[in-house]
Amino acid sequence: MVSYLTILEEGHSEQVIDKSRFIALVFPVKSTQEVALNLEKARQLYPNARHYVYAYRLHEGNLERSADDGEPQGTGGRPVLDVLQFRELWDVLVVVVRYFGGILLGTGGLTRAYGGTARQLLDQTEVSKLISHAVYEVEASYDWYEPLKYQFRQNNWLTGNEEFSETVRIEVFIPWVDRHHFVEWLAEFTGNQIICQAKDSVLRAESLGSRL
């Protein structure tokens with residue numbers, strides 16, 4: 001199973017360099033369709049700009065793309081993509097909008113401006129790590145409810161849906177690498193008095209704050 005770094009919330013940042021206004025926007029995306037929708041959103045938010053440079057990385061298929069949108073080749077999208085690659089971010093689109101200020105920056109200046117604006121934005125954006133979790137359904141008598149919930153909290157094992165009928169059913173999310181340990185621990189802790197069924201696997205987010 002997989003784990004990777006991503007961004008879950010939209011954000012923006014901007015700076016002025018030699019009278020040109022550079023605005024960076026970040027969007028969480030899962031598909032090329034979402035990329036297209038958010039590119040259009042960026043154009044609507046900031047109409048009549050000279051350039052809408054962008055780069056994205058999609059975890060599904062390990063897809064990476066960038067575009068200079070009229071800037072000299074390799075001076076816009078590539079520096080933005082370099083920032084995403086360096087920070088190992090996936091399922092992220094970064095768009096850098098430029099309103100031209102009348103002063104030519106040259107290829108080196110453009111590379112620094114686009115890459116630097118993207119970097120400034122990501123410096124202040126919260127990064128999350130998506131971690132594979134095994135989903136278990138634990139079924140037990142009511143006597144086990146509080147002891148199990150206490151142990152789950154102590155081990156930082158997250159719980160989900162709970163059902164109360166003749167027995168109690170608790171959904172538990174266990175990091176994929178710990179799943180065998182969990183099953184063994186549960187059998188020992190309860191003396192095999194409960195039922196534990198593997199139900200699914202999911203990716204859950206763990207916040208890492210901003211990464212400089």
Side-chain angles (χ1 to χ4, degrees), residues 2-131 203-212:
V2 298
S3 64
Y4 59 92
L5 303 178
T6 191
I7 288 169
L8 301 179
E9 301 290 338
E10 297 181 9
H12 76 280
S13 178
E14 68 176 271
Q15 59 180 337
V16 176
I17 301 173
D18 287 341
K19 298 185 179 180
S20 280
R21 184 184 177 199
F22 290 86
I23 306 156
L25 308 167
V26 63
F27 302 95
V29 290
K30 287 286 190 179
S31 66
T32 54
Q33 290 81 6
E34 290 186 14
V35 169
L37 288 172
N38 283 296
L39 282 171
E40 181 58 30
K41 181 177 179 179
R43 293 186 178 97
Q44 291 176 359
L45 287 170
Y46 298 95
N48 304 317
R50 177 72 67 90
H51 303 284
Y52 299 88
V53 164
Y54 67 87
Y56 64 87
R57 303 180 82 209
L58 298 177
H59 192 268
E60 182 71 27
N62 290 331
L63 183 62
E64 300 179 325
R65 292 288 185 273
S66 64
D68 298 309
D69 192 35
E71 295 284 26
Q73 184 175 359
T75 63
R78 181 72 243 185
V80 176
L81 183 58
D82 286 343
V83 174
L84 293 177
Q85 290 174 334
F86 179 77
R87 299 184 185 225
E88 300 178 342
L89 293 171
W90 290 97
D91 290 344
V92 174
L93 163 69
V94 172
V95 184
V96 182
V97 180
R98 182 190 183 191
Y99 286 94
F100 183 55
I103 298 176
L104 297 176
L105 300 182
T107 57
L110 287 171
T111 299
R112 289 189 294 273
Y114 280 108
T117 305
R119 191 176 303 110
Q120 174 179 282
L121 169 60
L122 296 177
D123 281 347
Q124 63 191 41
T125 302
E126 183 173 304
V127 173
S128 295
K129 185 174 185 178
L130 291 181
I131 302 173
L203 288 168
R204 293 183 65 92
E206 173 185 309
S207 175
L208 301 178
S210 60
R211 286 163 56 92
L212 302 180

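Note that the structure is a prediction, hence the values are computed from the model and not measured.
With values rounded to the nearest 0.5 angstrom, L84 atom CG is found 11.0 Å from R119 atom CZ. Atom NE2 of H59 and atom OG of S3 lie 8.0 Å apart (nearest 0.5 Å). Distance check: N38 CG to Y54 OH gives 12.5 Å after rounding to the nearest 0.5 Å. Rounding to the nearest 0.5 Å places CZ of R112 at 8.5 Å from OG1 of T107. Once rounded to the nearest 0.5 Å, the distance linking CG of L45 with CD of E40 reads 10.0 Å. Atom CG of residue L203 and atom CD1 of residue I131 lie 9.5 Å apart, to the nearest 0.5 angstrom.
Y56 places a side-chain heavy atom less than 4.5 Å from the side chain of T32. Between F27 and V95 there is a side-chain heavy-atom pair separated by less than 4.5 Å. P28 is not listed as a side-chain neighbour of L8, based on a closest heavy-atom distance of 4.5 Å or more. Counting only heavy atoms from C-beta outward, the side chains of W90 and N62 approach each other to under 4.5 Å.
Evaluation of the side-chain hydrogen bond (donor to acceptor under 3.5 Å, both in side chains) rule for Y4 yields K30, D91 as partners, not counting sequence neighbours. Q73 is linked by a side-chain hydrogen bond (donor to acceptor under 3.5 Å, both in side chains) to nothing, counting only residues two or more places apart in sequence or in another chain. Considering only residues two or more places apart in sequence or on other chains, E64 meets the salt bridge (Lys or Arg N to Asp or Glu O under 4.0 Å) condition with R57. Contacts of E10 classified as side-chain hydrogen bond (donor to acceptor under 3.5 Å, both in side chains), with partners at least two apart in sequence or in another chain: K41. A search for side-chain hydrogen bond (donor to acceptor under 3.5 Å, both in side chains) contacts involving S31 returns Q33, not counting sequence neighbours. Listed by chain and residue number, V96, T117, L121 satisfy the side-chain contact (heavy atoms from CB on, under 4.5 Å) test with A24 (two or more places apart in sequence, or in another chain). With sequence neighbours left out, H12 forms a ring pair (Phe, Tyr, Trp, His ring centres under 6.0 Å) with no residue at all.
What you find for G77 and V53 is that their closest heavy atoms are N-CG1, 3.3 Å. Considering every non-hydrogen atom in both A205 and S128, the closest pair reads CB-CB, 4.2 Å. Across all their heavy atoms, V92 and L89 have their closest contact at CG2-CB, 4.3 Å. Scanning both residues, G74 and T111, for their nearest heavy atoms gives O-OG1, 4.3 Å. The heavy-atom pair separating V83 from G115 by the smallest distance is CG2-O, 3.7 Å.
Within the structure, ring pair (Phe, Tyr, Trp, His ring centres under 6.0 Å) pairs that include any residue of residues 99-126 comprise F22-Y114 (at least two apart or interchain). Here salt bridge (Lys or Arg N to Asp or Glu O under 4.0 Å) pairs that include residues 15-26, with residues two or more places apart or in two chains, are E14-R21. Annotation: salt bridge (Lys or Arg N to Asp or Glu O under 4.0 Å) contacts involving residues 65-79, sequence neighbours excluded, comprise E71-R98, R78-D82.
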key: Worked check of side-chain contact (heavy atoms from CB on, under 4.5 Å) between I7 and L122   = CA-CA 9 Å; I7 288 169; L122 296 177; 3.5 Å; yes

